[in-house]
Amino acid sequence: VQLQASGGGLVQAGGSLRLSCAASGRTFSYYGMGWFRQAPGKDREFVSYISWGGGSTDYADSVKGRFAISRDNAKNTVYLQMNSLKPEDTAVYYCAARRGGSPYNSSSYDYWGQGTLVTVSS
C-alpha cells in the first residue's frame, strides 16, 4: 500500500483544514488507518484512527471534539477534518495503514505517507 497525504497549509487559529490520504492498491479496505503528527522538536504522536470498515474511531484528547476522521473505501481515501485549529496543532501530519496491533502505537503501522505540513498562526 502506498499512501499520499495532502491538504496541509497555513491557516489562522480557529480555522479549518481537511487532510486527505489517498492509498494505492486494491486492499485498502483491509487496513485500519491512522493519523499521527510530529511538531518541531517533539516526538510523533497519535491523533486519530479509524477501523477498516469505519465503524470504530478514536482521537487523542487534545483533538477530541475538533477533529473528525472518515474514510471512503470506494475512493481508497481517508480524511481528517480539522476544525477550531490552534497554534499547538502545528505539525507535519502523517497517515498510516495497519493490519493489526494497537491503533495508538505508531509501531503497529505497516505503511506511512510522506506527511503534509499544517501551520496554524495565532
Side-chain angles (χ1 to χ4, degrees):
V1 176
Q2 291 185 322
L3 304 174
Q4 179 74 38
S6 62
L10 174 64
V11 63
Q12 288 187 332
S16 298
L17 283 174
R18 188 176 80 157
L19 305 184
S20 299
C21 177
S24 64
R26 294 174 292 177
T27 59
F28 172 75
S29 60
Y30 297 169
Y31 289 84
M33 299 297 296
W35 287 96
F36 289 75
R37 67 186 182 185
Q38 188 166 19
K42 295 188 176 181
D43 293 334
R44 190 172 298 188
E45 65 174 0
F46 168 79
V47 174
S48 181
Y49 89 90
I50 187 167
S51 59
W52 64 271
S56 178
T57 61
D58 202 6
Y59 302 89
D61 287 344
S62 58
V63 308
K64 201 167 289 185
R66 299 188 297 121
F67 290 12
I69 192 170
S70 61
R71 66 188 296 162
D72 185 338
N73 286 344
K75 295 183 178 179
N76 282 7
T77 302
V78 63
Y79 304 97
L80 186 68
Q81 178 67 43
M82 306 187 296
N83 300 324
S84 302
L85 282 161
K86 304 176 181 181
E88 51 263 44
D89 294 319
T90 295
V92 177
Y93 283 71
Y94 299 89
C95 60
R98 65 177 182 85
R99 289 298 300 272
S102 169
Y104 306 99
N105 192 334
S106 61
S107 64
S108 297
Y109 289 80
D110 305 299
Y111 303 98
W112 290 83
Q114 86 288 0
T116 185
L117 176 62
V118 172
T119 303
V120 184
S121 63
S122 58

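Just so it is clear, the model here is predicted, and its values are computed rather than measured. When a residue number appears, it is its place in the shown sequence, counting from 1.
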Counting C-beta onward and ignoring hydrogens, is there a side-chain heavy-atom pair between [X] and [Y] closer than 4.5 Å?
| X | Y | answer |
| --- | --- | --- |
| M82 | Y93 | yes |
| Q4 | Q114 | yes |
| M33 | C21 | yes |
| I50 | V78 | yes |
| E45 | R37 | yes |
| D110 | R99 | yes |
| V1 | T27 | yes |

Cluster link W35 to W52, ILVMFWY, side chain under 4.5 Å: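 Different clusters: W35 never reaches W52 through Ile, Leu, Val, Met, Phe, Trp or Tyr contacts under 4.5 Å.
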
Measure across [X] and [Y] and return the closest heavy-atom pair with its distance rounded to 0.1 Å.
| X | Y | answer |
| --- | --- | --- |
| A91 | A39 | CB-N, 3.8 Å |
| S20 | T77 | CB-CG2, 4.3 Å |
| P87 | A13 | CD-CB, 4.1 Å |
| G7 | L17 | O-CD2, 3.8 Å |

Backbone N/O of [Y] and side chain of [X]: donor-acceptor pair under 3.5 Å:
| X | Y | answer |
| --- | --- | --- |
| T116 | S6 | no |
| N105 | S102 | no |
| D72 | K75 | yes |
| S62 | A60 | no |
| S51 | S56 | yes |
| T90 | V120 | yes |

Residues, nucleotides or ligands: over 12 heavy atoms within 6.0 Å of Q2 CD: no

Cluster companions of F46 among Ile, Leu, Val, Met, Phe, Trp, Tyr (side-chain spacing under 4.5 Å):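 F36, Y49, V92, Y94, Y104, Y109, W112, L117, listed by chain and number.
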
Shared-cluster residues of L10, by chain and number - hydrophobic side chains joined below 4.5 Å: none

Contact list for residues 56-88, test ring-ring contact (aromatic ring centres under 6.0 Å, His included), sequence neighbours left out: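 Pairs touching residues 56-88 that pass the test: none.
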
[X]: what forms a salt bridge (Lys or Arg N to Asp or Glu O under 4.0 Å) with it, not counting sequence neighbours?
| X | result |
| --- | --- |
| D58 | K64 |
| E88 | none |
| R71 | none |

Look up atom [atom1] in [X] and atom [atom2] in [Y], then write down how far apart they are to the nearest 0.5 Å.
| X | Y | atom1 | atom2 | answer |
| --- | --- | --- | --- | --- |
| L80 | S48 | CG | OG | 6.0 Å |
| R44 | S106 | CZ | OG | 7.0 Å |
| T119 | D89 | OG1 | CG | 11.0 Å |

Side-chain H-bond candidate by donor/acceptor type, N83 with S16, under 3.5 Å: yes

